[in-house]
*Asks:* 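Just passing along the structure, written as structure tokens.
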Amino acid sequence: MKKFPNGFMIGAATAAHQVEGNNVNSDFWAMEQVPNSTYKEPSLDAVDHYHRYKEDIQLLVDAGCDTYRFSIEWARIEPTKGHFNEAEIQHYREVLEFCHLKNVTPIVTLHHFSSPKWLISEGGWESETTIEYFGKYAHYVVSELGHLIPYICTINEANMGKQITKIMIKMSASNTKSSDGDVQVGLNMDTMKARMELYYRSLGETFGIDPRNVHTFLAPKTENGERIIMECHQKARSVIKALNPTIKVGITFSLYDHQALPGGEKFVEKEQHEDLLSYLPYLQEDDFLGVQNYSRKIHGPDGEVLKDENARLTKMGYEYYPEALENVLRFVSKHWDKPIIVTENGISTDSDEDRVEFIERALTGVLQCLDEGIHIIGYTHWSLLDNFEWQLGYAQTFGLIAVDRSTQTRYPKESLSFLGNIKKSGLHSFRELV
Ligand code: BGC
């Protein structure tokens with residue numbers, strides 16, 4: 001039995017739009033509802049975490065976990081440009097106070113994919129003005145709630161736009177459909193290509209702009225858009241530090257474990273550069289880095305190798321490969337010597353036994369990395385609850401807690417207590433057991 005070091009945070013993560021319900025002023029709400037939407041279904045009430053957060057956090061605590069990563073919904077805080085909503089900031093104040101009451105460390109994300117609808121009408125994630133807007137939003141949140149927040153992730157998966165750009169290029173070049181496991185997020189590849197033009201036409205109408213100027217976060221980015229995301233991060237970081245220098249500030253990245261077969265090394269280097277290393281110059285003053293990993297990709301002399309047809313797959317179509325996390329942590333640690341938080345890692349599956357095994361193998365790897373001296377300070381599993389997996393809707397089940405959405409009843413899974421027990425008593429190394 002091996003224990004995590006004292007103070008090592010273990011818990012679970014969610015994102016506002018995926019769990020709260022009724023984020024009516026967000027761009028996602030609009031994207032889900034337009035004619036020709038590429039979303040399998042709309043988010044609607046989600047899992048009503050907005051009203052049930054106490055029950056959900058209590059379940060996390062009862063299991064033995066001590067950390068909760070969640071996001072604040074910008075569209076609730078600033079539903080129209082320049083108008084900040086006090087009732088909504090009060091809501092998040094209460095969530096944070098509840099965390100403290102229960103001795104849970106909150107890790108707060110300021111932007112987890114969804115933006116206010118008005119932001120997209122103003123040019124969204126390709127517009128210079130977004131830097132200023134994001135800074136003002138961060139300022140409002142931190143001046144109201146900063147004393148309650150020890151860790152802030154400014155932006156979730158800052159590199160996701162680049163990954164989406166790459167699969168779009170791949171899809172149009174090969175004239176074939178990309179598979180759902182190609183990117184670590186729920187995109188509906190079946191309809192993306194077929195309906196893209198019609199969908200964007202509807203979006204143009206909804207946002208009141210030319211369809212070519214619709215720039216949401218979970219969409220392809222230009223180099224300019226990439227820079228804007230990084231400058232938003234830097235802006236928020238300086239605003240936060242000026243208001244409260246004790247808050248630890250970081251950002252999160254979606255990172256595959258890129259592995260090389262002989263001759264594939266140059267592809268691995270390229271992917272690693274694009275996924276993370278190219279962003280590092282913007283992160284030098286950060287306090288921690290958020291690592292998010294779900295699987296691996298293998299590269300041969302001609303590029304990415306297709307998954308073995310016998311490979312064990314998750315419900316998302318990713319290869320079931322929990323060891324990807326430790327490999328990513330080792331790669332990151334070669335380029336980053338400040339603290340690392342595993343801000344997401346998990347699996348969509350109907351088999352909770354598979355999830356328990358996934359957690360056991362992934363955390364065995366984290367323990368191994370700690371032994372090697374890698375500076376990891378926490379792990380938040382994705383996700384606390386089965387929730388709205390973006391374009392793929394509710395059929396994907398990443399949660400440690402199942403939810404019957406017709407009654408919003410919670411059913412904690414075995415994996416939740418398994419994770420909590422690791423926090424309380426440690427972990428049998430999976431490698432010792434097999
Ligand atoms: C995102 C989550 C998402 C998860 C599973 C990450 O890309 O941050 O919002 O639900 O992966 O796809």
Side-chain angles (χ1 to χ4, degrees), residues 12-20 23 26-28 31-32 39-41 43 46-47 49 68-74 107-115 153-164 166-167 178-189 192 216-219 221 229 250-257 275-276 289-297 313-322 324-325 328 341-349 355 358-359 362 379-401 403:
T14 62
H17 189 76
Q18 293 177 270
V19 293
E20 286 180 345
N23 278 310
S26 103
D27 57 347
F28 274 85
M31 292 190 279
E32 294 156 20
Y39 284 71
K40 287 201 170 164
E41 56 186 321
S43 56
V47 290
H49 182 66
Y68 181 40
R69 172 178 179 239
F70 65 96
S71 74
I72 291 183
E73 186 65 42
W74 185 357
I107 301 177
V108 170
T109 306
L110 291 179
H111 186 273
H112 193 126
F113 295 165
S114 48
S115 311
C153 305
T154 57
I155 294 176
N156 181 66
E157 295 188 341
N159 58 344
M160 189 44 84
K162 197 192 276 177
Q163 296 193 354
I164 295 175
K166 287 202 273 188
I167 52 169
S178 183
S179 73
D180 284 351
D182 257 4
V183 64
Q184 297 190 126
V185 72
L187 297 183
N188 187 359
M189 299 298 181
M192 284 251 280
T216 58
F217 192 86
L218 215 50
K221 296 276 164 297
I229 291 175
I251 185 167
T252 84
F253 285 83
S254 168
L255 300 174
Y256 272 101
D257 167 22
D275 276 1
L276 179 69
L289 186 72
V291 166
Q292 314 202 159
N293 165 263
Y294 290 85
S295 192
R296 69 171 166 182
K297 285 191 178 187
L313 299 182
T314 74
K315 210 171 163 186
M316 287 286 280
Y318 311 153
E319 185 184 348
Y320 183 101
Y321 185 67
L325 178 60
V328 164
I341 302 178
V342 179
T343 37
E344 284 184 30
N345 172 245
I347 171 181
S348 173
T349 177
R355 181 176 292 100
F358 190 95
I359 293 172
Y379 172 96
T380 52
H381 189 79
W382 185 268
S383 177
L384 180 60
L385 300 143
D386 285 343
N387 63 41
F388 181 69
E389 181 53 34
W390 308 110
Q391 292 190 343
L392 298 179
Y394 291 103
Q396 294 297 331
T397 44
F398 279 93
L400 298 165
I401 301 173
V403 182

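Each ligand, and each atom within it, is numbered from 1 in the order the structure gives. No hydrogens, no waters, no symmetry mates; every other heavy atom, side chains included, goes into these values.
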*Asks:* Look at ligand 1 and say whether Gln396 reaches it with a heavy atom at a distance under 4.0 Å.
*Replies:* no
*Asks:* With heavy-atom distances below 4.0 Å as the criterion, list the atoms of ligand 1 near Gln184.
*Replies:*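 With Gln184 as reference, the close atoms of ligand 1 come out as 6 (C), 7 (O), 11 (O), 12 (O).
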*Asks:* Any idea which atoms of ligand 1 are less than 4.0 Å away from a heavy-atom of Gln292?
*Replies:*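 Under 4.0 Å from Gln292, ligand 1 has these atoms: 8 (O).
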*Asks:* For ligand 1, indicate whether the residue Asn156 contacts it via side chain, backbone, both or neither (heavy-atom separation under 4.0 Å).
*Replies:* side chain
*Asks:* For the atom pair OH (Tyr379) and CD (Glu344), what is the distance rounded to the nearest 0.5 Å?
*Replies:* 10.5 Å
*Asks:* Number the atoms of ligand 1 from 1 as they appear, then name those within less than 4.0 Å of a heavy atom of His112, with their elements.
*Replies:*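 Reading through ligand 1 atom by atom, the close ones are 1 (C), 2 (C), 8 (O), 9 (O).
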*Asks:* Please round to the nearest 0.5 Å and tell me the distance separating atom CH2 of Trp382 and atom OH of Tyr294.
*Replies:*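 Reported value, rounded in 0.5 Å steps: 6.0 Å.
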*Asks:* Look at the aromatic rings of Phe388 and Tyr394 and report parallel, tilted or perpendicular, splitting at 30° and 60°.
*Replies:*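 Plane angle between 30° and 60°, so tilted.
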*Asks:* Should the pair His111 and Trp74 be assigned to parallel (<30°), tilted (30 to 60°) or perpendicular (>60°) ring geometry?
*Replies:* perpendicular
*Asks:* Could you please spell out the steps behind the side chain to side chain donor-acceptor pair (under 3.5 Å) verdict for Thr14 and Tyr68?
*Replies:* CA-CA 8 Å; Thr14 62; Tyr68 181 40; 2.7 Å; yes
*Asks:* Which distance, rounded to the nearest 0.5 Å, do you find between the OG1 of Thr349 and the CZ of Arg355?
*Replies:*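 It comes to 6.0 Å.
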*Asks:* Which residue supplies the protein heavy atom nearest to atom 6 (C) of ligand 1, what is that atom called, and how far is it?
*Replies:*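 Checking every protein heavy atom, the shortest distance to atom 6 (C) of ligand 1 gives Glu344 OE1, 3.0 Å.
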*Asks:* Tell me which protein heavy atom sits closest to atom 7 (O) of ligand 1, plus the residue, atom name and distance to 0.1 Å.
*Replies:*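 Checking every protein heavy atom, the shortest distance to atom 7 (O) of ligand 1 gives Glu157 OE1, 2.6 Å.
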*Asks:* Specify the protein heavy atom at minimum distance from atom 10 (O) of ligand 1: its residue, its atom name, and the distance to 0.1 Å.
*Replies:*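 Residue, atom and distance for the closest contact: Glu389 OE1, 2.6 Å.
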*Asks:* To the nearest 0.5 Å, what is the distance between CG (Asn159) and CG (Leu276)?
*Replies:*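 Reported to 0.5 Å precision, the distance equals 7.5 Å.
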*Asks:* Tell me, which protein residue and heavy-atom name are nearest atom 4 (C) of ligand 1, and how many Å apart are they?
*Replies:* Tyr294 OH, 3.3 Å
